[in-house]
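Shown next, in structure tokens, is the structure this report addresses.
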Amino acid sequence: LPIYKENAAYFQFFEEAQGTENYLKNLQESIRKKYACDKNMALPRLLDLIKDLEKEREKILEYKRQVQNLVNKSKKIVQLKPRNPEYKSNKPIVLKALCDYKQEQKTIRKGDECILKNNSERSKWHVTGPDRK
């Protein structure tokens with residue numbers, strides 16, 4: 001179960017990070033569009049824009065705290081490197097089968113330990129099974 005907790009924390013962290021990033025990108029775009037001005041803009045309109053920007057500033061400060069919270073969380077997140085096909089390990093990566101699997105003459109039973117050979121395809125990994133095939 002510790003692995004599942006690490007996976008859950010990993011995915012929750014990246015979900016929060018993605019949500020924060022999307023919000024900040026949208027906020028940035030909104031500010032750029034809403035607060036575009038030029039030399040010909042009247043002073044009263046500029047003062048109104050400044051007042052509105054103070055409200056936006058509060059939103060940005062709140063998300064600054066959120067980003068700092070994510071930075072702190074990131075130090076505790078265990079990376080799932082072996083799942084990334086670009087990750088190269090100097091030692092064999094041992095996998096444990098979560099269910100029975102059979103393909104042609106190859107059979108892997110739930111709980112069998114296998115060695116990862118290639119995971120470049122998302123849904124089809126090449127492994128050496130317990131029978132070393």
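Not measured: the values here are computed from a predicted model.
A distance-only check finds a donor-acceptor pair linking the side chain of T20 to the backbone of E16 [under 3.5 Å]. Under the 3.5 Å distance criterion, the side-chain polar atoms of D52 are left unmatched by any main-chain donor or acceptor of K55. With hydrogens and angles ignored, the 3.5 Å screen pairs no side-chain donor or acceptor of N22 with any backbone N or O of G19.
To the nearest 0.5 angstrom, L46 atom CG is 10.5 Å from L53 atom CG. Between M41 atom CE and L47 atom CG the span is 11.5 Å, to the nearest 0.5 Å. Here the straight-line distance linking atom CG of L49 with atom CD of E56 works out to 11.0 Å at 0.5 Å rounding. The NE2 atom of H126 sits 13.5 Å away from the SG atom of C114 when rounded to the nearest 0.5 Å.
Side-chain contact annotation: E62 with Q66, donor-acceptor N/O pair under 3.5 Å absent.
You'll find the side chain of L27 reaches within 4.5 Å of the side chain of I60, heavy atoms only.
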Inset, instruction - Could you go through the side-chain contact (heavy atoms from CB on, under 4.5 Å) check for E58 and Y63 one step at a time? - result: CA-CA 9 Å; E58 293 301 317; Y63 269 84; over 6 Å; no

Inset, instruction - Using the side-chain contact (heavy atoms from CB on, under 4.5 Å) rule, take V67 and K64 through it: C-alpha gap first, then chi angles, then the decisive distance, then the call. - result: CA-CA 5 Å; V67 169; K64 182 180 179 182; 5.8 Å; no

Inset, instruction - Apply side-chain contact (heavy atoms from CB on, under 4.5 Å) to the pair V127 and I115, showing each step before the final yes or no. - result: CA-CA 5 Å; V127 299; I115 297 173; over 6 Å; no

